[in-house]
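This report concerns only the one structure given below.
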Amino acid sequence: MKHNSGGPKITVVIPTRERADVFASALRTVTTQDYDNLEILVSDNLSGDATEEIARNTGDPRVRYLNTGKRLSMSHNWEFALSHVTGDWVTIVGDDDGLLPSALRNVAEFMRASDALAIQSATCKYRWPGNNGKGYGHIRVPMRQGHEIRSSKRWMEKVLRGRANYIELPILYTGGFARMTLLHELKRKTGAFYKSRIPDVYSGFAIASLIPTYAFSHAPFAISGISKHSTGVDAYSKGDKSAQSPAQKFALEENMPFHKDVPLMAQGGLPPSPQALIFESFLQTAELREGGPIEPFDRQLAVILANSPPDDETLHNWASAFARMHGFDYERARFRSHLDRLKRKLAAMPRNLARNRRRLGSAAELIPNVYDASLAVAAILGEGRRW
């Protein structure tokens with residue numbers, strides 16, 4: 001394989017904690033990149049499994065193994081990792097996620113061509129074997145090409161109003177890259193890289209609040225994995241959660257304070273709505289922007305309800321507490337959410353019809369891990385420029 005030694009130095013951070021079963025193939029998608037001006041930081045949150053052995057036995061001099069020395073929250077682990085970055089650009093890759101072959105070579109070319117401070121890409125969605133009761137892995141691959149320069153303010157508004165997913169923002173996570181000079185500016189302004197317990201969502205609003213535009217590639221650079229370890233998926237899945245489930249361990253560990261204007265659940269758990277977490281991260285980044293919230297709290301609650309299951313009693317109990325906290329009529333916000341939900345469904349129909357995606361993986365076409373998923377995607381997309 002021909003390696004590229006030019007271009008900016010890119011640091012790939014993989015924060016992990018006792019997930020050796022998926023971490024090994026996630027790391028392999030990075031060590032097999034054909035890009036040499038690369039630093040790979042494994043930030044091990046005091047794992048008790050084979051994580052350290054896997055990281056140290058790669059034989060790749062670009063890999064640096066770090067250990068936090070004590071158990072940290074997710075945000076604090078990510079903060080710890082970023083404090084050790086020496087690259088010009090950085091991305092964070094989840095330990096059940098991965099990069100596509102030649103992704104770093106392609107993104108380095110995109111960095112030069114776009115002259116952006118932050119880059120976000122579409123991602124492939126890979127479900128690990130065992131997820132959703134299936135014994136085989138499968139992946140959805142966006143087939144669109146090209147890129148655009150996006151207005152940060154416009155896309156923050158779209159996400160805050162429930163018209164776009166937060167992964168459309170310049171998040172510092174799988175598929176997103178940022179200049180370290182930009183992140184150092186963020187730390188200078190706020191005192192830390194992260195000020196929320198939801199680090200990926202927070203980073204999207206924080207970075208977008210610092211720059212007027214960012215580059216977005218419709219062609220994917222990375223794979224977002226969904227496994228038994230996935231905290232976000234576990235948090236909003238139905239059924240009882242054991243104390244050892246990813247969501248419960250995340251909720252109970254010592255963490256950053258939640259924003260005072262967004263109530264937690266009665267036992268201290270997170271609100272039962274991803275859109276509520278989006279709003280919390282938006283509020284946590286307010287000091288980086290001029291002016292207050294784009295919309296008042298009663299309007300925001302209607303958006304939260306419209307983007308959540310309509311008959312969830314736990315959600316409605318939390319939403320009632322939110323309305324009482326801010327002194328507005330909950331039923332009025334709930335009524336407005338019904339109209340918002342209808343508008344959202346109508347607006348999503350043409351987008352869903354226009355999606356161009358391929359699905360790979362079946363009982364006859366096994367894709368056992370994220371590294372093999374990356375090879376399957378490369379076989380249909382190729383490894384050359386598509387952005």
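The figures here come from the full heavy-atom set of this structure, side chains too, leaving out hydrogens, waters and symmetry mates. For this chain, numbers begin at 1 and follow the sequence in order.
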Check: Where do Thr51 and Thr16 land on the side chain to side chain donor-acceptor pair (under 3.5 Å) test, with the steps shown first?
Finding: CA-CA 8 Å; Thr51 295; Thr16 188; 4.7 Å; no

Note to self: If the condition is salt bridge (Lys or Arg N to Asp or Glu O under 4.0 Å), which residues does Asp298 pass it with, not counting sequence neighbours?
What the structure shows: none

Margin query: Using a 4.5 Å cut-off between side-chain heavy atoms of Ile, Leu, Val, Met, Phe, Trp and Tyr, which other residues end up in the same hydrophobic cluster as Leu339?
Written below: Phe335

Checklist line | Exam field: side chain His326 to backbone Asp261, donor-acceptor pair closer than 3.5 Å | finding: yes

Note to self: Please list all pairs meeting salt bridge (Lys or Arg N to Asp or Glu O under 4.0 Å) that have one or both residues in residues 82-96, counting only residues at least two apart or in different chains.
What the structure shows: Arg19-Asp95

Next item on the list: Return the orientation label for the His316 and Tyr330 ring planes: parallel under 30°, perpendicular over 60°, tilted otherwise.
Entry: perpendicular

Margin query: Taking atom CG as the centre, does Asp311 end up with more than 12 heavy-atom neighbours from other residues, nucleotides or ligands that are less than 6.0 angstrom away?
Written below: no

Next item on the list: Determine whether the side chains of Asn67 and Tyr65 contain a donor N or O and an acceptor N or O closer than 3.5 Å.
Entry: yes

Checklist line | Cluster companions of Ile367 among Ile, Leu, Val, Met, Phe, Trp, Tyr (side-chain spacing under 4.5 Å) | finding: Val22, Leu100, Tyr126, Trp128, Ile139, Val141, Met143, Ile223, Leu360, Val370, Val377, Ile380, Leu381

Notebook entry, point to check: With a cutoff of under 4.5 Å between side-chain heavy atoms, which Ile, Leu, Val, Met, Phe, Trp and Tyr residues group with Val303?
Noted result: none

Margin query: As a quick check of understanding, evaluate side chain to side chain donor-acceptor pair (under 3.5 Å) for Ser196 and Glu280, giving each step before the final call.
Written below: CA-CA 8 Å; Ser196 169; Glu280 193 271 347; 3.1 Å; yes

Next item on the list: Before giving the answer on side chain to side chain donor-acceptor pair (under 3.5 Å), spell out for His229 and Glu18 the whole-Å C-alpha distance, their side-chain angles and the decisive distance to 0.1 Å.
Entry: CA-CA 10 Å; His229 302 295; Glu18 294 183 340; over 6 Å; no

Next item on the list: Would you mind listing every side-chain hydrogen bond (donor to acceptor under 3.5 Å, both in side chains) that reaches into residues 368-381, with sequence neighbours excluded?
Entry: Asn369-Asp372

Check: According to the interplanar angle, ranging from 0 to 90°, do the rings of Phe322 and Phe297 count as parallel (below 30°), tilted (30 to 60°) or perpendicular (above 60°)?
Finding: tilted

Check: Are a donor atom and an acceptor atom from the side chains of Thr123 and Lys125 found within less than 3.5 Å of each other?
Finding: yes

